Number of protein chains: 2
Amino acid sequence: MNFQERKKKILTALDDAESLTVFELAEILEASPATIRRDLGDIAEEGLLVRTHGGAMKMENPALTGFSEKSGVNSPVKEQIAEKAASYVQDGDIIFLDCGSTVFQMCRYLKKKSIRVITNSLPILAELIDVPSIQINLIGGELNKARKAVHGDKAVQHINGYHAHKAFIGVDGLSAENGLTAHSEHESSITTAFIRNAGQVMLLCDASKIGRDSYVKFAELSAIHTLITDADTAKTAALQQSGLNVEIAG
Amino acid sequence: MNFQERKKKILTALDDAESLTVFELAEILEASPATIRRDLGDIAEEGLLVRTHGGAMKMENPALTGFSEKSGVNSPVKEQIAEKAASYVQDGDIIFLDCGSTVFQMCRYLKKKSIRVITNSLPILAELIDVPSIQINLIGGELNKARKAVHGDKAVQHINGYHAHKAFIGVDGLSAENGLTAHSEHESSITTAFIRNAGQVMLLCDASKIGRDSYVKFAELSAIHTLITDADTAKTAALQQSGLNVEIAG
DNA sequence: TTACTTTTGATCAAAAATAATCAATATTGA
DNA sequence: TCAATATTGATTATTTTTGATCAAAAGTAA
């Protein structure tokens, strides 16, 4: 049985029982306690259960923490990009965090830092709200329930009232010809606002999106200071020739 | 049994009994008094109960735990007030919901309605986000982690950008002499903004707060259209003489 | 007030659980 | 196929939790 299967079974089992011990789970899953501990540690880090001494308890409110359940498996690639991106954040920074699964993965690596986070993403909010060293400003506006994020004119105006040292953003498409593209104006207007009001803009983007264009063209390549990606130099060559600073993660 | 489980049981037990001794809890949880004392110390530090000499008491206004405030602390009185308040909400309404436990209880009774809710409270957000018939606007600004709500200048400015049919608010104190009073300026400035931008203002307030004054005086009685309370007419007489419309719940 | 009782917080040793390490096995990609 | 990588389970060292003990502090009654 692999990790994904065990994860599913553990969460199902915890849904019935309020809480279970490592040994109970070891018996249910026919795996060793060591494996169960590793699994529980990983799942707890995703915020889907509460680790206790000796076992685990069901999360009371997975409503807003459910980015990982929505996007299924967080790919190792996204994690590497997120980790690299997080390494650009220093204590004392004020940063914008866009909504999007790769940016969300940064949370893990931000928890040890002393920073202020300004975001429109509810999963990010849920993930960081219990970290004492991180202060949070929430972007207000209309709530997009599907994306678990805030958007709209009011949100853009609100972002314009802030200035951050760095912005970490995502896109749907990126190419030397068309710059940054998205598949919705709602999203792109928020991202544009982050770009406009940040000192440095870091774009997190996995290889699959490079060279691909979506239909809303919302920013030039020159708006970005650094692209953080897992793509190889062959794919990013055109971008680098356009003067973009590229950082390969992994 | 581990700490997380005991914590849950202690809070549940305290919800029924008003207060319990260390020895009573030790018996209920089958743990030693030393363990109970440690637990009570830790939980008290989180602000979820009041430590007394020899035991613990229920917190009247515990900081909203988690996003979704589960069972925990809803008194029947607050529920009656909340139900009555919700009966003032009609389909199509745009309403402001303040943060505070009584206003939060309204959520239960709002779920069948088709409305737009504008709020600064994260527990309310979490409670209503999955209701398809309710659209939500989130007030943006600085996040107060302890209260799980947004506040600050930006939040007030943001509220000023909206107009709602009705506002449902709470207070810490209410009297004919001093009007509405609060514990903190942060809270009161938000509530003031709701009052200023709503067509009708409904004040949800249990009997214990009537005739009591807190130290930040932030609005006149005349700002309120209807007081919804469980207090008897003896207590509300002075308020009614000042021209306040009083609705008794229950 | 003073004497007496209760409660507490600190300390400590025992027990339980965990994290780290390592070898064996399974999986993946060339 | 083989080499490289990842996963698993066992072993060991470390950490956490717990209950007992006891002096100090807080509460109570005279």
Side-chain angles (χ1 to χ4, degrees), chain A residues 1-11 13-14 17-58 68 72-83 105 108-109 111-112 130 206-208 230-232 234-235 248-250, chain B residues 1-11 13-14 17-58:
Chain A
M1 188 160 22
N2 60 33
F3 171 64
Q4 300 303 334
E5 270 182 84
R6 289 199 305 273
K7 174 178 166 186
K8 207 167 180 180
K9 289 197 182 183
I10 289 173
L11 290 174
L14 268 179
E18 200 66 15
S19 71
L20 289 168
T21 68
V22 168
F23 292 96
E24 285 167 338
L25 284 166
E27 197 170 348
I28 294 171
L29 302 184
E30 295 172 355
S32 73
T35 303
I36 298 297
R37 290 199 181 94
R38 265 188 287 253
D39 289 352
L40 291 182
D42 291 347
I43 303 174
E45 214 166 321
E46 284 186 62
L48 299 174
L49 55 74
V50 179
R51 189 73 167 87
T52 63
H53 203 77
M57 280 177 70
K58 173 159 70 169
S68 30
V73 190
N74 355 328
S75 69
V77 165
K78 284 184 179 182
E79 270 186 46
Q80 284 174 347
I81 295 175
E83 183 170 15
Q105 298 294 330
R108 273 186 72 168
Y109 305 102
K111 290 185 177 177
K112 290 163 216 143
D130 289 324
D206 61 80
S208 69
D230 62 312
D232 50 30
K235 254 199 158 177
I248 310 288
Chain B
M1 189 158 25
N2 59 43
F3 172 63
Q4 324 286 348
E5 279 182 74
R6 288 198 305 273
K7 174 178 164 185
K8 211 166 181 179
K9 290 196 183 183
I10 288 172
L11 290 174
L14 269 179
E18 203 62 20
S19 71
L20 289 167
T21 67
V22 168
F23 291 96
E24 285 167 336
L25 283 167
E27 196 169 350
I28 294 171
L29 302 183
E30 295 172 355
S32 74
T35 303
I36 298 298
R37 290 198 181 96
R38 263 188 289 253
D39 288 352
L40 292 182
D42 290 347
I43 302 173
E45 212 165 320
E46 284 186 64
L48 299 174
L49 54 75
V50 180
R51 188 74 166 86
T52 61
H53 204 78
M57 276 176 64
K58 172 156 74 168

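None of the values given here were measured: they were computed from a predicted structure. First the proteins, then the strands, lettered A, B, ... as listed; each starts at 1.
- The side chain of His53(B) lies closest to dA26(D), out of dT8(D), dA26(D), dT17(D).
- Under the side chain to side chain contact (heavy atoms under 4.5 Å, CB included) criterion, Glu83(A) pairs with Tyr109(A), sequence neighbours left out.
- Residues forming a salt bridge (Lys or Arg N to Asp or Glu O under 4.0 Å) with Lys111(A) (at least two apart in sequence, or on another chain): Glu127(A).
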- [ ] Report the C-alpha separation of Leu40(A) and Leu25(A) in whole Å, then their side-chain angles, then the decisive distance to 0.1 Å, and conclude whether the side-chain contact (heavy atoms from CB on, under 4.5 Å) test is met.
- [x] CA-CA 10 Å; Leu40(A) 291 182; Leu25(A) 284 166; 4.0 Å; yes
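- Scanning for salt bridge (Lys or Arg N to Asp or Glu O under 4.0 Å) contacts around Arg6(B) gives Asp39(B), with sequence neighbours left out.
- In Glu5(A), the CD atom is crowded: over 12 heavy atoms of neighbouring residues, nucleotides or ligands sit closer than 6.0 Å.
- Dense packing is recorded around NZ of Lys235(A), with more than 12 heavy atoms of other residues, nucleotides or ligands lying under 6.0 Å away.
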Restricting both atoms to N or O, compile the protein contacts to nucleotides 9-12 of chain D shorter than 3.5 Å, with distance only.
residue, atom, partner, partner atom, Å
dG9(D), OP2, Ser32(A), N, 3.2
dG9(D), OP2, Ser32(A), OG, 3.1
dG9(D), OP2, Thr35(A), OG1, 2.3
dG9(D), N7, Arg38(A), NH2, 2.7

Task: Chi angles and distances behind the side-chain contact (heavy atoms from CB on, under 4.5 Å) call for Arg37(B), Val22(B) - done: CA-CA 7 Å; Arg37(B) 290 198 181 96; Val22(B) 168; 4.1 Å; yes
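- Two end axes, each from the C1' atoms of five base pairs, can be drawn for the helix from dT1(C)-dA30(D) to dA30(C)-dT1(D); they diverge by 50°, to 10 degrees.
- In this structure, NZ on Lys7(B) lies 11.5 Å from CG on Asn2(B), to the nearest 0.5 angstrom.
- Rounded to an integer number of Å, the gap from CD of Gln4(B) to P of dT16(D) is 14 Å.
- Glu24(B) and Thr21(B) get closest at one heavy-atom pair: OE1-N, 2.8 Å.
- Side-chain atoms of Lys78(A) do not come within 3.5 Å of backbone N or O of Gln105(A) as any donor-acceptor pair.
- The span of DNA chain C lying next to chain B, judged by atoms under 4.0 Å from heavy atoms, is bounded 5' to 3' by dT7(C) to dT8(C).
- Backbone-only engagement by Thr52(A) is indicated by non-hydrogen atom pairs under 4.0 Å involving sugar-phosphate atoms exclusively.
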